[in-house]
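These numbers come from the heavy atoms of this one structure, side chains and all, not from hydrogens, waters or symmetry mates. Convention: sequence-line order gives letters A, B, ...; per-chain numbering from 1.
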Amino acid sequence: MDILTLLVTIPLLTVVALMFAKDFKQARVVAAIGMGLQFVQSVYLVFAYLGERANGNTATMVFTKSYMWFKALNIHYDVGVDGISVAMILLTGIVTLAGVFISWQVENMSKEFFISLIILAMGVFGFFISLDLFTMFLFYEVAVIPMYLLIGIWGSGPKEYSAMKLTLMLMGGSAFLLVGLLGIYFNSAPDGGALTFNILEIAKHNIPIEAQRFFFPFTFVGFGVLGALFPFHTWSPDGHASAPTAVSMLHAGVLMKLGGYGAFRVAMYLMPEAAAEMSWIFIILTSISVIYGAFGAIAQKDLKYINAYSSVSHCGLVLFAVLMINKTSFNGAILQMLSHGLMTALFFGLIGMLYGRTHTRDVYKMGGLMKVLPFISAVYVIAGLASLGLPGLSGFVAEMTIFVGAFQHDELFYRIATIVSISAIVVTAVYILRVVGLMLMGPLKNEQYKDLPRALWFEKVGAVLLIIPIMGIGMAPLWLSDMINASLIPMMEKFFQ
Amino acid sequence: MDFSYTIWIPLIPFLAFFLVGLAGNNKSPKIWGLISTGAIAVSAVLSYMTAWRYLFQVGKVEETYQKIIAFNTTWLTFTDKLHIDMGVLLDPISVMMLVVVSTVSLMVHIYSLGYMKGDPGFYRFFAFLSLFSFSMFGLVLATNLFQMYIFWELVGVSSFLLIGFYYYKDSAVAAAKKAFIVTRFADLGFLIGILIVSYLTGTFDFQTLTDPNGAAMTQGAGVAFLGLSTMTWALILIFMGGAGKSAMFPLHIWLPDAMEGPTPVSALIHAATMVVAGVYLVARLFPLYYTAAPFALEVVAVVGGFTSLFAAIIACTQTDIKRVLAFSTMSQLGYMMLALGVSGYGGHDGLGYMASMFHLFTHAMFKALLFLGAGSIIHAVHSNFMGDMGGLRKYMPITHITFLIACLAISGIPPFSGFFSKDEILAAALHHSTFFFVIEYLVAGLTAFYMFRLYFGIFWGTDRKYEHTPHESPLTMAVPLLILALASMTTGFIPFNDFVTSDGHAFHTHIDWTVAGASIAIAVIGIVAAYFFYKQKNDLPDKAANTFGAFYRWSYDKFYVDEVYMFVTKSILFGIISKSVAWFDRHIVDGFMNLLGRMTAGFSERIKGIQSGRVQQYAFAFVAGVVALVLIFAYLKG
């Protein structure tokens with residue numbers, strides 16, 4: 001079996017194995033082994049990919065495989081990866097494994113929990129390897145559906161409402177998306193010939209401009225809903241607040257990335273003319289997202305709400321960078337997705353650990369936790385510093401790449417939008433330090449918290465799994481940035497042919 | 001000659017940071033302190049060696065100091081032209097800064113071994129100190145604007161961590177947050193400035209940017225925005241970053257509060273090294289400022305001059321000794337900025353530039369000494385307030401003598417170091433305009449007054465009732481005091497005009513005795529005034545306070561700048577903007593989504609009666625439909 005198909009097969013086998021698990025102890029071990037293998041595979045894929053490139057393979061996508069799936073509509077199971085999808089797969093591998101470790105103590109129907117979680121992960125892996133729009137859409141839906149169960153069953157607070165809201169809004173996005181994808185499909189062969197869903201085939205031709213103008217907004221908004229594009233982001237605060245820890249991690253860490261990735265790979269790549277024409281509208285919306293999310297975060301007192309608004313701001317920056325149509329800012333968008341995925345997963349993991357101990361997420365009720373929970377607090381500070389873009393951690397690399405890239409535009413409009421977005425770095429510092437100051441520092445506010453249990457081994461493993469790449473990208477970003485850059489060439493050719 | 005070993009100057013403290021930060025524990029705290037101190041000692045030796053070799057052996061080619069790139073590697077690529085490099089740039093000012101940073105840092109490390117003894121966060125403290133030393137070295141050695149920005153942020157976060165070192169105290173947390181956010185706001189300007197400069201010139205590289213014959217000097221001058229060229233705007237924005245770090249008005253409010261950190265930290269970060277980064281930044285880009293944006297340089301001079309006066313006035317009324325020193329630092333930084341602002345380029349015209357760097361150097365020594373002395377005093381009497389001190393000269397002879405030396409140095413009494421550097425600054429100011437000279441001249445008098453107010457108040461005056469008799473500090477604390485005192489006495493004789501000049505050429509300078517005489521006179525007046533006010537307890541200070549009335553009150557309350565900031569952040573940003581964004585999001589944006597959901601549900605509620613399941617109803621609808629269609633067709637046909 002080829003290496004890419006293995007990426008969806010292993011989760012599937014893990015799910016099958018989980019069905020036979022007798023109790024929650026067996027279930028979590030099975031899940032950890034399965035996702036551990038998956039993690040090893042995604043690391044291996046990076047090396048295999050770099051080796052393939054070093055051997056002189058210059059194809060747009062490598063490790064490609066194609067099987068006819070539904071002949072009447074020319075739907076294939078087409079897989080292949082470039083530097084960008086390899087990076088996203090690595091992110092998914094890391095976050096999923098960390099998520100399994102952090103859910104180590106889910107005892108309530110843990111078998112079903114892990115099954116849903118791993119199906120979700122499988123959808124995400126499948127999405128990133130797909131080259132066929134239909135297969136891609138299928139995997140997308142596979143990832144979204146378990147979310148409803150995960151929040152509705154294992155969630156907290158108004159979980160039914162949140163689960164329903166999240167699912168409906170994402171389904172609404174899917175509806176837009178489906179229209180967009182079908183539009184692309186029916187215009188995929190303007191010179192006659194067979195219609196196709198294959199991205200590489202479609203990219204060889206130019207979709208007629210009228211069709212682009214009509215279908216680009218559908219596709220972009222469809223993906224944008226998942227990427228928390230203002231004003232379609234409101235599923236995010238409620239959804240995250242009710243979701244169990246690992247689900248928030250996976251959702252904010254990787255699922256939201258499907259939005260940015262899809263907007264980039266499908267909407268922008270296949271409809272470049274319309275993208276260039278209409279980008280200004282969406283640049284305004286995403287600039288609003290960036291600032292608005294940051295200000296929204298200041299006023300919240302629930303940790304998960306703070307982080308959800310922070311995600312609106314950071315993911316807004318991803319879409320902002322994608323719209324800048326510039327090699328450097330494209331690179332920055334991918335880096336920002338990776339960086340945000342890692343640090344937001346870390347945040348949600350830590351929030352879960354804190355909530356498990358204090359049974360509250362209200363920052364005003366905590367205080368002085370640094371002394372009681374040194375490991376969790378120190379990691380929280382590191383995650384916070386990454387989030388506010390401190391050099392040496394991943395956020396800085398991503399943000400600076402975006403800002404420098406976006407600022408190279410000759411038109412003043414783009415540079416002003418960039419300056420507006422840059423000013424969010426101050427607001428980010430405010431809400432991050434506010435939380436750190438209120439929650440971790442100062443005198444211990446609640447005497448009951450004096451003897452809270454310190455971090456357990458599996459929590460430490462989960463956190464360290466995420467910190468290492470955050471610091472790694474932050475200190476030595478060149479290899480990653482170069483790998484992404486090399487894969488941007490086809491995209492740039494499409495824009496500036 | 002190969003200088004590539006200089007990369008180890010920052011890297012050794014960095015390794016120490018990782019080692020101590022990860023492996024450190026409280027079982028044997030001393031070892032971790034010694035590891036950190038050992039690391040900085042190695043860096044210090046390397047720094048001195050580099051300075052010696054650069055200044056006396058290889059730096060000069062044809063009578064001019066050259067910029068040497070000792071090490072360079074690409075860290076991140078943006079575009080074909082723009083990339084962030086990490087490297088080591090050696091030139092007179094970076095070499096001078098190496099000496100300053102390593103000396104003060106080493107002294108502070110040794111001092112802290114005694115000062116922080118027994119603190120539960122002992123190893124954490126040294127880990128942060130190592131992180132700071134690494135970042136500061138990286139900053140001064142930067143080869144390009146972006147490297148500088150990176151380390152700029154890193155010194156900022158080290159400062160944040162160290163101010164908030166006593167994180168269980170609310171005041172320390174507030175101060176740390178304030179310091180980070182205010183400087184972050186200033187850095188926003190710095191970053192935008194960098195982006196504009198790189199957009200105009202296509203490079204971050206210092207060597208290209210400051211080449212007097214380079215293209216950077218003329219680019220961007222043509223495009224105007226609000227009457228100033230784009231380059232001028234960019235350089236003003238970059239200066240905004242520098243003003244934030246160097247606590248220039250109105251971005252100064254974080255520095256006095258930063259005194260919440262442990263005193264050795266105040267000496268290292270908030271007096272001698274990090275706060276001069278802003279001055280260093282302007283000096284680094286000086287040729288660009290001078291040639292491409294003279295207006296921006298004028299801004300630097302005005303801001304510097306105003307800050308020096310403003311801070312000196314406040315310093316006269318404060319009662320917390322660390323805060324007096326903090327405002328004094330601000331005032332002296334204002335001096336350095338002003339000197340850069342009034343400077344010309346090349347030869348004797350560059351007097352201000354040389355004077356600024358000279359003062360930076362001497363100030364680092366005597367101000368670090370003052371802070372460490374203050375630390376020694378606080379260690380002995382367990383209070384920061386002047387009111388709790390008095391008559392300490394009997395108990396703490398070493399602290400007393402070294403503190404006196406530092407006070408004389410900062411007041412500008414010959415032959416102590418401050419005299420020489422301040423004299424050059426006054427001469428440069430006079431050369432530029434009488435207005436700046438008069439301001440700085442007044443500030444010199446105020447400086448002498450508030451420093452000796454402190455000195456007499458602490459070491460003379462009436463004995464207080466101490467809980468236990470104050471005693472001299474241990475040797476680890478006394479030795480750094482003595483070494484820095486020696487430096488404060490001797491560094492004034494270094495011929496800076498031979499080494500650090502705006503264009504790398506040495507030039508001749510001599511002491512202008514009219515200026516020097518006048519500055520000595522006003523310093524003596526300040527000291528004598530302080531003598532009468534504070535040597536013995538009397539009612540003169542109260543009388544003076546009453547005479548000045550409201551003005552005294554304003555000065556004591558720091559002219560209410562903090563309150564203005566408080567209003568803007570608390571009421572406007574938090575209260576109005578954030579709250580309304582949050583409300584808008586919940587009620588309008590999300591409200592619309594919920595409305596959509598409810599409307600869908602309501603609509604299906606209305607029409608669900610159609611799917612009743614009753615066959616008669618369906619048959620009726622079917623027949624009625626057929627009849628209606630038939631009628632319509634008949635009508636259309638007919």
*Taking atom CD1 of Ile84(B) and atom CG of Leu478(A), what is their separation to the nearest 0.5 Å?*
10.5 Å

*Can you tell which part of Leu385(A) gets under 4.5 Å to a heavy atom of chain B, answering side chain, backbone, both or neither?*
side chain

*Given side chains that start at C-beta, do those of Met400(A) and Leu76(B) come closer than 4.5 Å, heavy atoms only?*
no

*Is there side-chain contact between Phe160(B) and Leu433(A), with heavy atoms separated by less than 4.5 Å?*
yes

*asked:* With side-chain contact (heavy atoms from CB on, under 4.5 Å) as the criterion, how do Ile196(B) and Arg415(A) come out once you've worked through the C-alpha distance, each side chain's angles and the decisive distance to 0.1 Å?
replied: CA-CA 9 Å; Ile196(B) 300 176; Arg415(A) 292 209 297 281; over 6 Å; no

*Checking heavy atoms, do the side chain of Phe584(B), its backbone, both or neither come under 4.5 Å from chain A?*
both

*So, do Ser578(B) and Gln300(A) sit near enough that their side-chain heavy atoms are less than 4.5 Å apart?*
no

_For the interface with chain A, which of Asn594(B), Leu596(B), Asp585(B) has the highest count of heavy-atom pairs at distances below 4.5 Å?_
Asp585(B)

*Taking the side chain as every heavy atom from C-beta outward, state whether Val430(A) and Arg184(B) have any atom pair closer than 4.5 Å.*
no

*Starting from the C-alpha separation in whole Å, work towards a yes-or-no answer on side-chain contact (heavy atoms from CB on, under 4.5 Å) for Phe180(B) and Leu388(A).*
CA-CA 11 Å; Phe180(B) 194 89; Leu388(A) 60 78; 3.8 Å; yes

*Using a cut-off of 6.0 Å, state whether more than 12 heavy atoms not belonging to Tyr305(A) lie near its atom OH.*
yes

*So which part of Ser481(A) gets closer than 4.5 Å to some heavy atom of chain B, the side chain, the backbone, both or neither?*
side chain

*Can you measure from CG (Leu82(B)) to OG1 (Thr328(A)) and round to the nearest 0.5 angstrom?*
8.0 Å

_Minimum heavy-atom separation for Tyr292(A) and Val581(B), please, with both atom names._
O-CG1, 3.6 Å

*State, to 0.1 Å, how close Gly437(A) and Lys177(B) come at their nearest heavy-atom pair, and which atoms those are.*
CA-CD, 4.3 Å

_Less than 4.5 Å apart, side chain to side chain, heavy atoms only: is that true for Thr79(B) and Asn326(A)?_
no

*Starting from the C-alpha separation in whole Å, work towards a yes-or-no answer on salt bridge (charged side-chain N to carboxylate O under 4.0 Å, His left out) for Asp80(B) and Lys327(A).*
CA-CA 11 Å; Asp80(B) 303 336; Lys327(A) 198 172 175 187; over 6 Å; no

*Rounded to the nearest 0.5 Å, how far does CZ of Arg586(B) lie from CG of Asp238(A)?*
4.5 Å

*Measure the OH-NE2 distance between Tyr199(B) and His409(A) for me, rounded to the nearest 0.5 Å.*
10.0 Å

*Do the non-hydrogen side-chain atoms of Val381(A) and Tyr167(B) ever get within less than 4.5 Å of each other?*
no

*asked:* If you count heavy-atom pairs within less than 4.5 Å of chain B, which of Leu480(A), Thr418(A), Thr234(A), Leu390(A) leads?
replied: Thr234(A)

*Could you have a look at Phe232(A), Phe403(A), Tyr309(A), Phe230(A) and say which one has the most heavy-atom pairs with chain B under 4.5 angstrom?*
Tyr309(A)

*asked:* Please verify the inter-ring angle class for Tyr149(B) with Phe396(A); under 30° counts as parallel, over 60° as perpendicular, anything in between as tilted.
replied: parallel

*Which bit of Tyr431(A) is near chain B, if near means a heavy-atom gap under 4.5 Å: side chain, backbone, both or neither?*
neither

*Toward chain B, the part of Met475(A) with a non-hydrogen atom under 4.5 Å*: both

*Go through the atoms of Leu191(B) and report whether side chain, backbone, both or neither lie under 4.5 Å from a heavy atom of chain A.*
side chain

*Would you call Phe185(B) and Ile425(A) a side-chain contact if the rule is heavy atoms closer than 4.5 Å?*
no

_Among Gly405(A), Ala476(A), Ala299(A), which residue has the highest count of heavy-atom pairs closer than 4.5 Å to chain B?_
Ala299(A)

*Using non-hydrogen atoms only, which part of Phe592(B) is less than 4.5 Å away from chain A: side chain, backbone, both, or neither?*
neither

*Could you give the distance from CG (Asp482(A)) to OG1 (Thr77(B)), rounded to the nearest 0.5 Å?*
5.0 Å

*asked:* Please classify the contact between Asp187(B) and chain A as side chain, backbone, both or neither, with a heavy-atom cut-off of under 4.5 Å.
replied: neither

_Less than 4.5 Å to any heavy atom of chain A: does that hold for the side chain of Ile150(B), its backbone, both, or neither?_
both

*Begin from the C-alpha positions of Tyr168(B) and Met441(A) and carry the test side-chain contact (heavy atoms from CB on, under 4.5 Å) through to its verdict.*
CA-CA 6 Å; Tyr168(B) 35 82; Met441(A) 296 171 154; over 6 Å; no

*Looking at Ile588(B), Val589(B), Leu195(B), Ile181(B), which makes the most heavy-atom pairs under 4.5 Å with chain A?*
Leu195(B)

